[in-house]
Amino acid sequence: MSLDKQIAKNTVIHLAGKLISLILGLVAIAVMARYLGQEGFGYYITVTAFLQFFGILVDFGLTLTTVQMISKPGVNISRTMNSIISFRVITAFCFLLLAPILIWFFPYNIFIKLGVIITVASFFCITIIQTLTGVFQQKLKMFKLTLAEVIGRVVFVALVVLAAWLGKNIYWIFGAMSIGSIVNLVIVFLYSKKYIKWRLEFDFTIWKELISKTWPIALSISFNLIYLKMDIIILSLFRSQGEVGLYGATYRVVDILTMLPAVFMGIVLPIATKYYLEKNKKELRAILQKSFDALMIFAVPITIGTFVIAEKIMIFIAGAEFIPSGEILKVLILASCAIFATSLFAYAVVAVNRQKTMMWGYLTVAVLTLVGYFIFIPKYGYWGAAWMTVFSEALIMIWTAVLIYRAIKFFPSLKTFLKTIPAAIIMSGVLYSVRSWHVLILLMIAGVVYFGFLYLFGGIRKETIQEFVKLK
């Protein structure tokens, strides 16, 4: 099987798994939002945002760097991965231990403070899984990783539904998160033993290389935290938990949508890194162009269509109590569209080893966004948070695009992108004319109309469809 077909097959597998996880995630949100209400869901959002702050910080850039290091020709994958995982376990334990301690210094109620203690195990498992993911990405063996994620998510959703059915308190929800993540980690670890003979290994030469490669990413991630997660934390400190719940419900939808470009580019990254190390810039630019086209084919209709049915989406997902979230979604979907494009450029930055240069971009955006959060969130609440999120994502998109152009003279052709716009506009017109119908019917109509017209406009070639059909 050709390299392109391997990438396509693994992308289809992982995207299928993510689609299942997305559906399960939406089910969990639907149950929790309806059961907990705005205020209770706000507690859930505050706990997860607080822990995500530490979870992203502890990532230390290892998720991206792991793929890069084990993709080098002649590398001893087992030895490298054992050292990386050993490093990961130590750093994850140290960083995440801070969360249950520091939460007591914040003016939150007991539900949030105990929630952090209960849920921290989930985030520890997630950080280990993210590092192990590099093995499956490098081997282009995504089925088992995807299966483990789906099983873990099923366990989580089942426990959430059980807690709501039995009328249990919110602590059961937090416990369900940790149990689901533990199940996911155990399965991933067992599957990974086929490729790695696991043991604790403290190879300080590898650690030194790891730190050398990751410290720019680690600093960049620290800056990312400011504009990615500080909005919810600041909102939770200045506004009510009900308002946090409304904003958080919308943000959860956006988070689920933006998993798709991250999954796709995570699979492309090892190949892009390989082409760069081989100094094959022609193939590198070609694969980045194909990736951009694929991302825009989905980003454009999602963005434009959301403006028509945003309120119906949020009512369907979270219930009538969350109707105001529909208007928030119309703003945050703009950030989501930017993230689709940013994913391409941000992963390309890693592939071409420009993390140190990009660090200054993240620092600039972090400072500007943090200032904006403190100015606009206390006064305008979730509107201030939403528009500053759009600002930060748009600025990062521009910065990474300029950096990649300077590094490899790549700027994507907009030929396919421009064909997606009329197809999406026609789709939106059809949606508007039948907007009173059930949201699931609307989504099916949107898919048929959009991809039908995109094919007629030449945005999707017959040869591309045949390539996917032939995948075995």
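Since this is a predicted model, take the numbers as computed values, not measurements.
- In this structure, the side chains of Y362 and W399 stay at 4.5 Å or more apart for every pair of heavy atoms.
- With sequence neighbours excluded, the residues that form a side-chain hydrogen bond (donor to acceptor under 3.5 Å, both in side chains) with Y108 are S236.
- The nearest pair of heavy atoms linking R34 to I315 is NH2-O, 3.1 Å.
- Within a 6.0 Å sphere centred on CZ of F307, heavy atoms belonging to other residues, nucleotides or ligands number more than 12.
- Considering every non-hydrogen atom in both R354 and A407, the closest pair reads NE-CB, 3.9 Å.
- Residues meeting the salt bridge (Lys or Arg N to Asp or Glu O under 4.0 Å) test with E311, sequence neighbours left out: none.
- Within the 4.5 Å cutoff, side-chain heavy atoms of F41 are placed close to those of I29.
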message: Between R153 and I20, does the side chain to side chain contact (heavy atoms under 4.5 Å, CB included) criterion hold? Intermediate values first, please.
response: CA-CA 9 Å; R153 186 59 64 93; I20 296 172; over 6 Å; no
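- Residue D231 holds its CG atom at 11.0 Å from CG of L370, rounded to the nearest 0.5 Å.
- In this structure a side-chain-to-backbone donor-acceptor pair under 3.5 Å is missing from Y373 to L235.
- By the 4.5 Å heavy-atom criterion applied to side chains, Y43 and L36 are not counted as neighbours.
- Ring-plane geometry between Y44 and F174 is classed as parallel, the angle between the planes falling under 30 degrees on a 0 to 90 degree scale with a further cut at 60.
- Interatomic distance, W172 CH2 to I179 CD1, rounded to the nearest 0.5 Å: 9.0 Å.
- The main-chain N or O of I375 is never found under 3.5 Å from a side-chain atom of Y380 such that the two would form a donor-acceptor pair.
- Looking at every heavy atom in both residues, A176 comes nearest to L159 through CB-CB, 3.6 Å.
- Atom CH2 of W383 has more than 12 heavy atoms from other residues, nucleotides or ligands within 6.0 Å.
- The line from CZ of F322 to CD1 of I328 is 10.0 Å long, rounded to the nearest 0.5 Å.
- Within 6.0 Å of CH2 on W165 lie no more than 12 heavy atoms contributed by other residues, nucleotides or ligands.
- Contact annotation: the side chain of S392 never approaches that of I396 to less than 4.5 Å [non-hydrogen atoms, C-beta and beyond].
- Although no hydrogens or angles enter the test, the distance criterion places a donor-acceptor pair under 3.5 Å between the side chain of E321 and the main chain of Q38.
- In Y171, the OH atom is crowded: over 12 heavy atoms of neighbouring residues, nucleotides or ligands sit closer than 6.0 Å.
- For the pair P107 and L237, the minimum side-chain heavy-atom distance is below 4.5 Å.
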task: In sequence, state the C-alpha distance, the side-chain angles, and the governing distance for V253 and L332, and then conclude on side chain to side chain contact (heavy atoms under 4.5 Å, CB included).
output: CA-CA 10 Å; V253 175; L332 285 181; over 6 Å; no
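- We find the CD1-CZ distance between I128 and F93 to be 12.0 Å, quoted to the nearest 0.5 Å.
- At least one side-chain heavy atom of F316 sits under 4.5 Å from a side-chain heavy atom of H438.
- With no hydrogens or angles considered, a side-chain donor-acceptor pair links Q241 and T46 at under 3.5 Å.
- Pairing each heavy atom of T303 with each of C337, the nearest pair is OG1-CB, 3.1 Å.
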message: Walk me through whether I232 and Q52 qualify under side chain to side chain contact (heavy atoms under 4.5 Å, CB included).
response: CA-CA 11 Å; I232 292 178; Q52 281 173 344; 5.9 Å; no
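- The heavy-atom pair separating P378 from R239 by the smallest distance is O-NH1, 2.9 Å.
- Distance OG1/T250 to CD1/I333: 10.5 Å, rounded to 0.5 Å.
- Taking a cutoff of 4.0 Å between a charged side-chain nitrogen and a carboxylate oxygen, D293 and K290 do not qualify as a salt bridge.
- No donor-acceptor pair under 3.5 Å is formed between the side chain of T369 and the backbone N or O of A366.
- Remark: the backbone N or O of F417 is paired with a side-chain donor or acceptor of T420 at under 3.5 angstrom.
- L334 is listed as a side-chain neighbour of W387, based on a closest heavy-atom distance under 4.5 Å.
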task: Go through the steps for I126 and L185 under the test side chain to side chain contact (heavy atoms under 4.5 Å, CB included), then give the verdict.
output: CA-CA 7 Å; I126 290 171; L185 175 59; over 6 Å; no
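- T119 places no side-chain N or O within 3.5 Å of a backbone atom of V116 that could act as its donor or acceptor partner.
- Between T389 and Y247 the shortest side-chain heavy-atom distance falls below 4.5 Å.
- If you take CD1 on I101 and CG on L96, they are separated by 11.5 Å, rounding to the nearest 0.5 Å.
- In this structure, A121 and S178 approach most closely via the heavy-atom pair CB-OG, 3.8 Å.
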